[in-house]
There are 2 protein chains.
Amino acid sequence: MARKVSDSDSVRRQNRGLVLGALRVEGPLSRTALASGTGLSHASITAITQDLVEQGIILDLEPGERADARGRGRPATLVGFNRQAGSAALFEIDVNRARLSLVDYGGILVDRLETQLTPKSFAETPPTHFLAERLQQLQQRNPEHAKIIQRVAISVQGILNRDGQILKWSPVAHIANTPFAAELAEQFALPVSLHKRGRLLAEGARWLDPALADASVATVFVGSTVAMGMTFRGQILGRSDEGATEFGHMNHQPNGALCRCGMRGCVEAYASDYGVLRTAYSVPETATPAPAVPAQEYEGLIARAEAGERAATHAFNLAGRAVGFGLSRMMAVFDPSHILIVGPGARAFGLMQSEIYAALAGSLVCRVNGLPQLIAYRDEREPVFRGLLMKTLNEIDQTDFATRA
Amino acid sequence: MARKVSDSDSVRRQNRGLVLGALRVEGPLSRTALASGTGLSHASITAITQDLVEQGIILDLEPGERADARGRGRPATLVGFNRQAGSAALFEIDVNRARLSLVDYGGILVDRLETQLTPKSFAETPPTHFLAERLQQLQQRNPEHAKIIQRVAISVQGILNRDGQILKWSPVAHIANTPFAAELAEQFALPVSLHKRGRLLAEGARWLDPALADASVATVFVGSTVAMGMTFRGQILGRSDEGATEFGHMNHQPNGALCRCGMRGCVEAYASDYGVLRTAYSVPETATPAPAVPAQEYEGLIARAEAGERAATHAFNLAGRAVGFGLSRMMAVFDPSHILIVGPGARAFGLMQSEIYAALAGSLVCRVNGLPQLIAYRDEREPVFRGLLMKTLNEIDQTDFATRA
DNA sequence: AGCATTATTTTCACTGCTCGAATAAAAATG
DNA sequence: CATTTTTATTCGAGCAGTGAAAATAATGCT
């Protein structure tokens, strides 16, 4: 029930947040547009933007910088983010690569560092070291930005502990149970936050497709893992960590196929790339999963299935069945209006779709509410980055800059 | 994204809500206690309570009415709800009975009407008629309260449509797809809201056990149906309808036992009273479920299982397995710190528990985060009523009375 | 009985916020 | 060059909340 007292300070914070939020969503706007967009009066917009400009958070765009669709009347002066107001360091840690991006407050990519990872990477270099080293390198290459970094945000895969600061389990080797977030935070004296990849996907999808901005969406990643994030009427569920799920490790078949996580019968064990491959090649379900599947091998299998080869189509059928029942079960708890399938598996959507629909059709929620809209969407990298970016900038907006002092 | 502009009005609303909320949770309080409880200054509390007293929403308790733990200093004057400030009509509609309660703004039960239901009840009398008739009767018996009824709230089972105004499916016969909420609202010119029983259970549990007030809790009802409601760190998920789930109709076994809902393999088909009975008597899984199971028959089966009879223990094992896998799957999407088992099935918890724990142990989330705390709790009637009561009064507090004008 | 002590409330002066209306500013139009 | 149109700022009013001081109402001590 932790509702807080409201006073004139919180009023200003709220309304400043509204203004920054509008700019974040719409891009540069005139003060009039801000007034109608936020619902605030012109007088308030004047006061608030004046404050924000004085504090160097936003600035008036020069007439040259705006697309001139002029007509009668005094021309509008657009305000936009001051790109030098701050910046953020964004890590994306995957099973086989790590990426660090430096972005400015306007959301523009300033610099980027990319590293291949192997299962031994974090055994040889402890995660904290690894990340600190790269962050330092980036800071040295961009000394002027280094001073204004306000946040470090890290996209990870796996299960976080309750306070969201430690990975308790992860498919990335040797990274779980190390307090790298806290250590980085101390070393650089910056707030460091961890975000589940699945959740960022959901956030990113929202930003990439405006039609999804206010809908309840489940975004399912199918590839080397299976993961899911959810948004609820445009809001990411829960404040911090919720909205991320362990969909990939939801049980599909009691005592079923062996999963990378060590459990049996997870959705992932059937629907991820290694699961599909294992089925296609009639490797026993209990065989240890391949550590990594080359992209072309997975692509090849898709091609064979599309050509009608039995073993391959069967493997994708099983995968679709696992995803379908997983979704059907998820929908007993939370039913979104849209389901997005992203990642390499989205290519194979055609091969899985009949089994997915069949499983969904067998659930009461779907029979009553109708099937949700299923959309396959390529390329999951950009949504993750974009989700991480927008989530972090929005956090800066609302936490650091909406507060006046 | 529908964040609203904040102004001095919303500040007052928020803080009035805080005051009313504190009184709702703690009971009558002194102004000093209100100040420390809400975090508002004494000056503001004085202003706000003065307003509320003038509007007849709260009143000063006479010195006699308070437990005197006196010491030095000016004695505190407690303020409490003015019971005449409003009232609410609460319907609980179950498969075999309907109950209508009239409560005053202080949460005190004023009058109650109870009716047995049969599968034909709503075929003979349309739901709107049925409810309107009883509400009228109650109004006639309590003319002075009738004038101040502010809300009608109805506890139902089944699936609601998106705007939460119509049951799209329900185990209660002939009630689905009738717009009784809207019709009642029009006929009595009052707001009428529908609430899923499972969700009210979760809300009620929160009020009944203060330890659960701020925890994330899943409340599972096991009895003639299987249902679940959730709270998230004390907040019911989502604003309106979410937080209620179709847990009972989550698929457990593809193409499995026939459920009352017409689907196959739902958790309910194994774990509800009829499911257990069907298994115990070796009736084929595909046999049509019994329409109702007498309480003593279910109790008898529990006794036989506790005595060690094979068929009976086997039936409860299957039930536990269905509940366990259901929970394990739910936890991939949402993982609560506590799980409450309530309803008649809570009696049989001992018989199901080993299978439940076994299923949970096989899930990644539980292996990593540890098993959630499972608590069996008798008597589900009071939590539902209490949940409906508190939910509705809280709604009146925050919607009708927090707004000043 | 009378006065100091203590705890609870109220009063008051002050600051900050939003708002509507009026005013100023900057361009196009005829 | 005056008029029209659109954008932005200024100003006074109204309402919140706050801290400090004052008022209130009981107990305890001499």
Side-chain angles (χ1 to χ4, degrees), chain A residues 3-19 28-55 58-64 66 68-80 402-405, chain B residues 3-19 28-54 58-64 66-80 402-405:
Chain A
R3 282 208 305 169
K4 282 278 284 291
V5 160
S6 187
D7 58 10
S8 74
D9 239 46
S10 61
V11 168
R12 197 36 168 272
R13 188 168 344 131
Q14 164 81 358
N15 291 341
R16 280 167 67 109
L18 237 39
V19 168
L29 292 172
S30 71
R31 288 166 169 80
T32 310
L34 274 173
S36 72
T38 59
L40 286 159
S41 70
H42 280 203
S44 303
I45 291 292
T46 297
I48 290 171
T49 52
Q50 219 160 48
D51 266 23
L52 291 171
V53 168
E54 271 167 27
Q55 292 166 72
I58 63 174
L59 34 73
D60 283 296
L61 266 57
E62 293 311 310
R66 51 197 160 85
D68 272 321
R70 47 169 36 106
R72 275 164 86 94
R74 173 176 172 175
T77 349
L78 305 190
V79 293
T403 310
R404 186 167 92 291
Chain B
R3 283 211 302 169
K4 283 276 287 290
V5 161
S6 188
D7 58 9
S8 77
D9 241 45
S10 61
V11 169
R12 194 43 164 258
R13 189 170 343 138
Q14 164 80 356
N15 291 341
R16 280 166 67 108
L18 237 39
V19 168
L29 291 172
S30 72
R31 289 167 168 79
T32 308
L34 275 173
S36 72
T38 58
L40 286 158
S41 69
H42 283 193
S44 304
I45 292 292
T46 297
I48 291 172
T49 53
Q50 218 159 51
D51 266 24
L52 291 171
V53 168
E54 271 167 26
I58 62 174
L59 34 74
D60 283 295
L61 266 57
E62 292 311 310
R66 51 196 158 86
D68 271 322
R70 49 168 35 107
R72 278 164 85 93
R74 175 176 173 175
T77 346
L78 304 190
V79 294
T403 310
R404 188 165 92 290

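Order of the sequence lines sets the chain letters (A, B, ...), proteins ahead of strands, with each chain counted from 1.
Without hydrogens or angle criteria, B:Asp7 side chain to B:Ser10 main chain gives a donor-acceptor distance under 3.5 Å.
When every heavy atom of B:Leu18 is checked against every heavy atom of B:Thr38, the shortest pair comes out as O-CG2, 3.8 Å. Shortest non-hydrogen contact noted between A:Val53 and A:Leu59 is CG2-CA, 4.4 Å. Annotation for B:Gly80 and B:Leu61: closest pair N-CD1, 3.5 Å, computed over non-hydrogen atoms. Between A:Ala76 and A:Ser30, the shortest heavy-atom distance links the atoms CB-CB, 3.5 Å. When all heavy atoms of A:His42 and A:Ala35 are compared, the closest pair comes out as CD2-CB, 3.3 Å.
Here the straight-line distance linking atom OG of B:Ser41 with atom CG of B:Asn15 works out to 9.0 Å at 0.5 Å rounding. The distance from the CD1 atom of B:Ile58 to the CG atom of B:Leu34 is 7.5 Å, given to the nearest 0.5 Å. With rounding to the nearest 0.5 Å, the separation of CZ in A:Arg31 from CG in A:Leu29 is 11.0 Å. The distance from atom OG of A:Ser8 to atom CZ of A:Arg13, rounded to the nearest 0.5 Å, is 10.0 Å. Atom CD in B:Gln14 sits 10.0 Å away from atom CD in A:Gln14 (nearest 0.5 Å).
When each of B:Ile45 and A:Gln50 is assigned the nucleotide of DNA chain D bearing its nearest heavy atom, the one mapping closer to the 5' terminus is A:Gln50.
Rounded to whole Å, atom C1' of D:dG17 lies 15 Å from atom NZ of A:Lys4. Rounded to an integer number of Å, the gap from B:Asp60 CG to D:dA25 C1' is 15 Å. Nucleotide D:dA8 holds its P atom 18 Å from the CZ atom of A:Arg72, rounded to whole Å.
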Shorter than 3.5 Å, N or O on both sides, protein versus nucleotides 21-24 of chain D: list them out with atom names.
unit_1	atom_1	unit_2	atom_2	d
D:dT24	O2	B:Arg74	NH1	3.2

Protein-nucleotides 16-22 of chain C N/O pairs under 3.5 Å:
unit_1	atom_1	unit_2	atom_2	d
C:dC17	O5'	A:Arg12	NH1	3.4
C:dT18	OP1	A:Asn15	ND2	2.8
C:dT18	OP2	A:Arg12	NH1	3.0
C:dC19	OP2	A:Ser41	N	3.0
C:dC19	OP2	A:Ser41	OG	2.9
C:dC19	OP2	A:Ser44	OG	2.7

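Scanning residues 28-37 of chain A for heavy-atom distances under 4.0 Å to DNA chain D yields A:Ser30, A:Arg31, A:Thr32.
The phosphate of C:dT8 (OP1 or OP2) has no side-chain N or O of B:Thr77 nearer than 4.0 angstrom.
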